[in-house]
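Throughout, protein chains are lettered first and strands after them, A, B, ... in sequence-line order, and every chain is numbered starting at 1.
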Number of protein chains: 2
Amino acid sequence: MSQTSNIQPLIEDLAKREQEQQIACEDCSLYRLCLPLGLHRDDLLLLDEIVMRSGNYQAKQSLFTATEAFSTLFVVRSGSFKTMISTSNGREQVTGFYFPGEFVGLEALHMPSYQSSAVALETSSICALPYQKVQALGEKLPRLQSQLLNRLSKELAGDKNFMLLLGKKTSEEKLATYLLSLSKRFELRGFSAKQFVLTMSRSDIANHLGLAVETISRVFTKFQDDGLIKTEGKVVSLAEIERLQALCG
Amino acid sequence: MSQTSNIQPLIEDLAKREQEQQIACEDCSLYRLCLPLGLHRDDLLLLDEIVMRSGNYQAKQSLFTATEAFSTLFVVRSGSFKTMISTSNGREQVTGFYFPGEFVGLEALHMPSYQSSAVALETSSICALPYQKVQALGEKLPRLQSQLLNRLSKELAGDKNFMLLLGKKTSEEKLATYLLSLSKRFELRGFSAKQFVLTMSRSDIANHLGLAVETISRVFTKFQDDGLIKTEGKVVSLAEIERLQALCG
DNA sequence: TTTTCACATTGACATAGATCAAGTGAACAG
DNA sequence: CTGTTCACTTGATCTATGTCAATGTGAAAA
């Protein structure tokens with residue numbers, strides 16, 4: 001009896017969360033950032049039908065792995081993810097970080113398997129789009145395809161830019177560029193451009209930027225000593241965005 | 001009179017070349033590699049109508065520049081191109097090389113301007129697809145859109161892999177990976193996988209792989225000393241593909 | 001043919017960033 | 001509360017690759 005009453009609020013909470021997850025695309029706060037933009041109301045309802053709003057992922061939980069058969073596109077709903085690929089001898093490269101409204105797994109849609117793996121960086125949730133259904137719907141809604149094309153193209157452009165960073169920038173330029181890129185993405189999502197939480201570890205950042213953890217740590221301290229940023233563990237404040245921009249190369 | 005007879009064969013040659021350039025998609029030798037794959041015969045004719053088979057580009061001639069307004073997708077018909085992006089302070093990164101049947105400029109289709117620039121590496125020709133027309137046609141032919149999506153996704157996957165190269169591989173692993181990647185692409189085009197011409201300069205290769213020209217030069221000599229490859233200027237022969245593969249990391 | 005010029009190679013030396021090693025502090029299990 | 005662990009920082013050293021300088025080479029120009 002007392003046990004039942006203890007559990008009751010938890011059940012209600014769960015139901016409420018469940019309900020929140022069932023929110024329709026047209027009501028989703030990510031509307032502006034996610035796929036639907038450019039779709040008509042009727043189209044949206046169709047899209048809505050194929051979207052599976054999946055449960056939560058805990059930190060370090062895998063969304064998909066490199067060898068797994070590709071079937072589903074994912075959009076981050078809340079939280080964040082990282083993607084990685086590996087050499088045959090086990091070295092890994094963090095290929096990207098993904099925030100709410102961003103697609104994960106786009107590079108796989110022409111292949112039988114995801115080639116990279118994706119892992120949650122914190123408690124996160126996603127929308128899953130079975131790609132077969134997306135394709136079928138795409139036959140009816142050319143706008144949906146166009147939107148997908150735009151998404152892919154945008155990610156491609158980002159990656160080309162990232163090649164410039166990996167190939168030609170110094171450690172300081174790399175970190176400055178990275179922090180400002182995060183800043184812009186948070187701002188776009190309605191968060192502060194000046195202060196945010198790094199949900200990824202220093203070593204994830206280092207790996208992504210093609211540097212050693214120690215180097216990242218040193219550059220963080222240098223930036224702090226120079227008054228460019230302030231860090232308190234995972235929280236970063238950008239004190240002088242303009243000077244940071246000048247540092248990007 | 002004698003002048004006329006001298007010019008006559010040239011005119012005929014030109015006409016013939018002109019005609020070759022007008023070859024329809026369905027008869028093009030790149031059919032298998034290019035966009036049309038998966039399109040029906042009727043669809044092909046529609047696609048054919050919007051394709052502009054453009055004249056030749058000489059080595060070093062620009063296909064588009066970073067600031068130029070985006071309007072057209074390009075497919076290499078013959079020859080080869082490189083694409084580059086630059087930092088504000090003028091450093092450049094070669095982001096890719098493009099061979100017959102490959103799309104150039106996909107990363108721009110969501111933007112007002114090409115963000116990168118493309119330059120011919122040798123005498124080359126292209127098919128130009130005005131993107132507005134592609135979009136319009138895409139409304140009627142969902143398969144066309146799907147094909148484009150596949151193209152983009154493929155390039156994206158390639159770029160993610162390239163991040164692994166830039167971020168985590170040694171100079172030797174980089175060059176070995178690069179040579180084998182070229183080899184596969186040439187083989188796919190019906191050329192020898194073992195012997196081919198490097199249409200790009202050593203310094204283009206170095207830049208692309210995030211290395212100095214001198215390093216590339218040294219690794220080439222090392223590979224040659226080790227009996228892995230033979231080079232004669234721009235011509236490379238891969239003598240021991242398996243050992244090269246083992247070197248890729 | 002000779003000249004030229006961009007490209008390529010080779011050697012000597014410099015350095016950004018990696019690696020190794022040690023220490024700190026916060027989170028977490030027992 | 002205490003020990004263990006993991007993420008992060010800091011310092012000392014090492015090294016892969018960059019930079020600088022000189023020389024070689026082959027194709028186009030003269």
Side-chain angles (χ1 to χ4, degrees), chain A residues 58-60 82 87 90-94 119 121-123 165-179 197-226 229-236 247 249, chain B residues 58-61 82 87 90-94 119-123 165-179 197-226 229-236 247 249:
Chain A
Q58 299 305 314
K60 300 189 182 176
K82 67 173 172 182
T87 61
R91 271 171 291 170
E92 275 193 339
Q93 171 75 31
V94 173
V119 172
L121 295 172
E122 59 189 310
T123 304
L165 176 149
L166 279 179
K168 294 285 168 311
K169 295 194 178 181
T170 65
S171 56
E172 293 188 19
E173 291 169 335
K174 282 175 175 179
L175 186 57
T177 309
Y178 177 68
L179 290 175
V197 177
L198 298 171
T199 56
M200 67 294 297
S201 68
R202 298 285 194 270
S203 102
D204 284 336
I205 299 174
N207 182 305
H208 184 49
L209 302 181
L211 296 169
V213 204
E214 293 92 330
T215 306
I216 282 295
S217 196
R218 281 185 249 270
V219 178
F220 263 118
T221 353
K222 172 147 199 299
F223 280 0
Q224 194 151 12
D225 291 350
D226 292 356
I229 65 173
K230 262 206 279 189
T231 61
E232 277 179 63
K234 304 239 155 217
V235 183
V236 195
L247 259 180
Chain B
Q58 298 307 313
K60 298 187 184 180
Q61 200 177 335
K82 66 173 173 182
T87 61
R91 272 170 292 171
E92 275 192 342
Q93 170 75 31
V94 173
V119 173
L121 294 172
E122 60 191 309
T123 304
L165 178 149
L166 279 179
K168 295 284 167 310
K169 295 194 179 182
T170 65
S171 57
E172 293 189 19
E173 291 168 336
K174 282 175 174 179
L175 186 57
T177 309
Y178 177 69
L179 289 175
V197 177
L198 298 172
T199 56
M200 67 295 298
S201 69
R202 298 284 194 270
S203 103
D204 284 337
I205 299 175
N207 182 305
H208 184 50
L209 302 180
L211 296 168
V213 205
E214 293 92 331
T215 306
I216 282 294
S217 199
R218 281 185 250 270
V219 178
F220 263 119
T221 359
K222 173 146 198 300
F223 281 0
Q224 195 151 11
D225 292 349
D226 293 355
I229 65 172
K230 263 205 279 187
T231 62
E232 277 179 63
K234 304 240 157 216
V235 182
V236 196
L247 259 180

**Q.** Working for side-chain hydrogen bond (donor to acceptor under 3.5 Å, both in side chains), residues A:K168 and B:T87
**A.** CA-CA 9 Å; A:K168 294 285 168 311; B:T87 61; over 6 Å; no
Q. CG of A:L166 to CD of A:Q93: how many Å apart, nearest 0.5 Å?
A. 6.0 Å
**Q.** Nucleotide of D:dT10, D:dT17, C:dA8 approaching B:T170 most closely (side-chain heavy atoms)
**A.** D:dT17
Q: Mind checking the OG-CD spacing from A:S171 to A:E214? Nearest 0.5 Å is all I need.
A: 12.5 Å
Q: Examine distances only and state if a side-chain atom of B:Q61 and a backbone atom of B:Q58 form a donor-acceptor pair shorter than 3.5 Å.
A: yes
Q) For B:S203 and C:dC7, is the shortest distance between a side-chain N/O and OP1 or OP2 below 4.0 Å? A) no
Give me the distances for all protein-to-nucleotides 26-30 of chain D N/O pairs that come in under 3.5 Å?
none

Q) Starting at CZ of A:R202 and ending at P of D:dT10, how long is that distance when rounded to a whole Å? A) 11 Å
Q | Stretch residues 204-212 of chain A: residues that reach within less than 4.0 Å of DNA chain C through a heavy atom | A | A:G210, A:L211, A:A212
Q) Tell me: CZ of A:F220 to C1' of D:dT10, nearest whole Å? A) 16 Å
Q: Ignoring backbone atoms, establish whether A:S171 has a side-chain N or O less than 4.0 Å from OP1 or OP2 of C:dA16.
A: no
(Q) Without decimals, in angstroms, what is the distance between B:K222 NZ and C:dA8 C1'? (A) 20 Å
Q: Would you check if the side chain of B:N207 reaches a backbone N or O of B:E92 as a donor-acceptor pair within less than 3.5 Å?
A: yes
Q: Provide, to the nearest angstrom, the distance between the CD atom belonging to B:E172 and the C1' atom belonging to D:dA16.
A: 11 Å
Q: Return the value, rounded to whole Å, for the distance between atom CD1 of A:I216 and atom C1' of C:dA16.
A: 14 Å
**Q.** Interatomic distance where CG belongs to A:L121 and P belongs to D:dA7 [whole Å]
**A.** 13 Å
Q: Could you please name the option among C:dA8, D:dA7, C:dG17 that lies closest to any side-chain atom of B:S201?
A: C:dA8
Q. Which part of the nucleic acid, if any, lies within reach of A:S217 when heavy atoms closer than 4.0 Å are counted: base, sugar-phosphate only, or nothing?
A. base
**Q.** Test: A:R91 and B:E173 ion pair at under 4.0 Å
**A.** yes
Q. Rounded to the Å, how far apart are A:L166 CG and D:dT17 P?
A. 15 Å
Q. How long is the span from the CD atom in B:E122 to the NZ atom in B:K60, to the nearest 0.5 Å?
A. 13.5 Å
Q: Keeping the roles fixed (side chain from B:E172, backbone from B:V219), state whether a donor-acceptor pair exists under 3.5 Å.
A: no
**Q.** B:K174 side-chain N/O to B:L209 backbone N/O, donor-acceptor pair under 3.5 Å
**A.** yes
Q: Please determine, for the side chain of B:E214, which listed nucleotide (C:dA18, D:dA7, D:dC20) has the closest atom?
A: D:dC20
**Q.** A:E232 CD - C:dA26 P separation (whole Å)
**A.** 12 Å
(Q) Regarding B:K234 and B:T199, do their side chains bring together a donor and an acceptor under 3.5 Å, going by distance alone? (A) no
Q.
Counting the atoms with a prime plus P, OP1 and OP2 as sugar-phosphate, which does B:K234 contact under 4.0 Å by heavy atoms, base, sugar-phosphate, or nothing?
A. sugar-phosphate
**Q.** Of the listed nucleotides C:dA12, D:dG11, C:dA8, the one nearest the side chain of B:R218
**A.** C:dA12
